[in-house]
Trainee: 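What follows is a structure written as structure tokens; I'll ask about it next.
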Number of protein chains: 2
Amino acid sequence: MAQTLDTVFSALADPTRRAILAMLLEDDMAVTDVAEPFQISLAAVSKHLSILAEAGLILRERRGRVIWCKLEPDAMRSASVWMQSFGQFEPVDLDAFERFLEDELSEGEDAAT
Amino acid sequence: MAQTLDTVFSALADPTRRAILAMLLEDDMAVTDVAEPFQISLAAVSKHLSILAEAGLILRERRGRVIWCKLEPDAMRSASVWMQSFGQFEPVDLDAFERFLEDELSEGEDAAT
DNA sequence: GGCATATTCAACCATCCGGTTGACCAACGT
DNA sequence: ACGTTGGTCAACCGGATGGTTGAATATGCC
């Protein structure tokens, strides 16, 4: 969990990882379930999850033989503050967000195809 | 100016580039002046500027034999919206921002040393 | 024209990144 | 105890990234 601007921004720079975060926004998920919609190997997804965890963006917690992934959105705060300082963007537009999320999800899956 | 989440986030993932953006927040600058505080070659800085321009984060405009770099903070909007949607962060804390900026600047210069 | 200044281009290098595969370890069911 | 399921590790591969240097281009000055 280095959680520097470097690690956070570069974690967010990959579409697969952003898609994973969007999925985790819905609910906590097991690694295998996270991997399911993507075409890449489980090992590759596992690496992505490690990068997200290293950036502090998710937590992984073993329960039995399943490892549960949980979003840790607080890790984005410093990066968000950094970005916002560059322009006084209007408060979150949820409609716009929905659209982004959908684009992102399909993008992520396409990328994995 | 692709200006996708991919290009914006990966442009922001480099400390030198973030330092450059912070410098441009103060004022428009010529390429040579942007390069001055860094220890890396002018060519390297020029590449960083290309990446920032490609992400839509800056504009480069030739005036005489000098190329002026200008911040284009609007390019951060979609990325900012994306991030904010993950947690309802409080409105920008300017004090916190000042601190980040200073850290970033010294980081960037250290990184270049 | 000829020189200096501002910036990019091109080739090259080492390292990082995202992916793969196969071996490995852990925990559950029977 | 044994096989199965969940997940990571290790080695490898090709392509991107950040840096370098030296040549090339463009503009301004005398």
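Quantities reported herein were computed from a predicted structural model and do not represent experimental measurements. Basis for what follows: all heavy atoms, side chains included, without hydrogens, waters or symmetry-related copies. Chain identifiers are assigned alphabetically (A, B, ...) following the order of the sequence lines, protein sequences preceding nucleic acid strands; residue numbering begins at 1 within each chain.
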Trainee: Expressed in angstrom and rounded to an integer, what is the separation of B/Glu54 atom CD from D/dT17 atom C1'?
Mentor: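 One finds 15 Å between C1' of D/dT17 and CD of B/Glu54, rounded.
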Trainee: On DNA chain D, compare the nucleotides closest to A/Lys47 and A/Trp68; which residue's is nearer the 5' end?
Mentor: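 Upstream on the strand: A/Trp68.
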Trainee: In this structure, how many angstroms lie between the C1' atom of C/dA6 and the CE atom of B/Met29, rounded?
Mentor: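 Interatomic distance, CE of B/Met29 to C1' of C/dA6: 15 Å.
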Trainee: Between D/dG18, D/dT27, C/dT8, spot the one nearest the side chain of B/Ala43, thanks.
Mentor: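 Closest of the options to the side chain of B/Ala43: C/dT8.
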Trainee: The side chain of A/Arg60 is closest to which nucleotide in this list: C/dA6, D/dT8, D/dG19?
Mentor: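 Output: D/dT8.
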Trainee: Can you figure out which of C/dG18, C/dT21, D/dT4 approaches the side chain of A/Arg65 most closely?
Mentor: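 Of C/dG18, C/dT21, D/dT4, D/dT4 is nearest to the side chain of A/Arg65.
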Trainee: To the closest 0.5 Å, what do you measure between CD1 (B/Ile51) and NE2 (B/His48)?
Mentor: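 Nearest 0.5 Å value for the CD1-NE2 distance: 6.5 Å.
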Trainee: Give a yes/no answer on whether the side chain of B/Arg63 brings an N or O atom under 4.0 Å of OP1 or OP2 in C/dA6.
Mentor: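 So the side chain of B/Arg63 is outside the cut-off, no N or O lying under 4.0 Å from OP1 or OP2 of C/dA6.
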Trainee: B/Ala44 side chain: which of C/dG18, D/dG19, C/dT8 is closest?
Mentor: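 Looking only at side-chain atoms, B/Ala44 lies closest to D/dG19.
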Trainee: Would you please confirm or rule out a distance under 4.0 Å between OP1 or OP2 of D/dT8 and any side-chain N or O of A/Ser46?
Mentor: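 The answer is yes; a side-chain N or O of A/Ser46 sits under 4.0 Å from OP1 or OP2.
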Trainee: Nearest to the side chain of A/Val66 - D/dG6, D/dT8, D/dG18?
Mentor: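 Output: D/dG6.
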Trainee: SG/B/Cys69 to CG/B/Asp28 distance, rounded to the nearest 0.5 angstrom?
Mentor: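 Nearest 0.5 Å value for the SG-CG distance: 8.5 Å.
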Trainee: Nearest nucleotide by nearest heavy atom, which residue falls closer to the 5' end of DNA chain C, B/Ile67 or A/His48?
Mentor: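 Result of the comparison: B/Ile67.
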Trainee: In this structure, how many angstroms lie between the P atom of C/dC16 and the CG atom of B/Asp14, rounded?
Mentor: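 So the CG-P distance, B/Asp14 to C/dC16, works out to 14 Å.
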Trainee: What is the distance from CD1 of B/Ile51 to C1' of C/dT8, rounded to the nearest Å?
Mentor: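 Roughly 14 Å, once rounded to whole Å.
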Trainee: CZ of A/Arg62 to CZ of A/Arg60: how many Å apart, nearest 0.5 Å?
Mentor: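 Result: 10.5 Å between the selected atoms.
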Trainee: What nucleotide, of C/dT20, D/dT27, D/dT8, holds the atom closest to the side chain of A/Ile40?
Mentor: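 Selected nucleotide (nearest to the side chain): C/dT20.
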Trainee: Nearest 0.5 Å please: distance from the CE atom of B/Met23 over to the CE atom of B/Met29.
Mentor: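 Between B/Met23 CE and B/Met29 CE, I get 3.5 Å after rounding to 0.5 Å.
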Trainee: Would you please confirm or rule out a distance under 4.0 Å between OP1 or OP2 of D/dT8 and any side-chain N or O of A/Arg62?
Mentor: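 No, because none of the side-chain N or O atoms of A/Arg62 sits under 4.0 Å from OP1 or OP2 of D/dT8.
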Trainee: Mind checking B/Leu42 for me? I need base, sugar-phosphate or nothing, with any heavy atom below 4.0 Å counting as a touch.
Mentor: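 The answer is base, as B/Leu42 lies within the cut-off (heavy atoms under 4.0 Å) of a base atom.
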Trainee: Using atom CD of B/Glu36 as one end and atom P of C/dA6 as the other, report the distance to the nearest whole Å.
Mentor: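 Atom CD in B/Glu36 sits about 13 Å away from atom P in C/dA6.
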Trainee: Give the rounded distance in Å between these two atoms: CD of B/Glu61 and P of C/dA6.
Mentor: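 In whole Å, C/dA6 P lies 18 Å from B/Glu61 CD.
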Trainee: Expressed in angstrom and rounded to an integer, what is the separation of B/Phe38 atom CZ from D/dG18 atom C1'?
Mentor: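 From B/Phe38 CZ to D/dG18 C1': 14 Å.
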Trainee: Nearest 0.5 angstrom please: B/Leu52 CG to B/Leu59 CG, how far?
Mentor: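 Nearest 0.5 Å value for the CG-CG distance: 11.5 Å.
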Trainee: Please state how far atom CG in A/Asp6 lies from atom C1' in C/dC16, giving the value in whole angstrom units.
Mentor: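 Rounding to the nearest Å, CG of A/Asp6 and C1' of C/dC16 are 14 Å apart.
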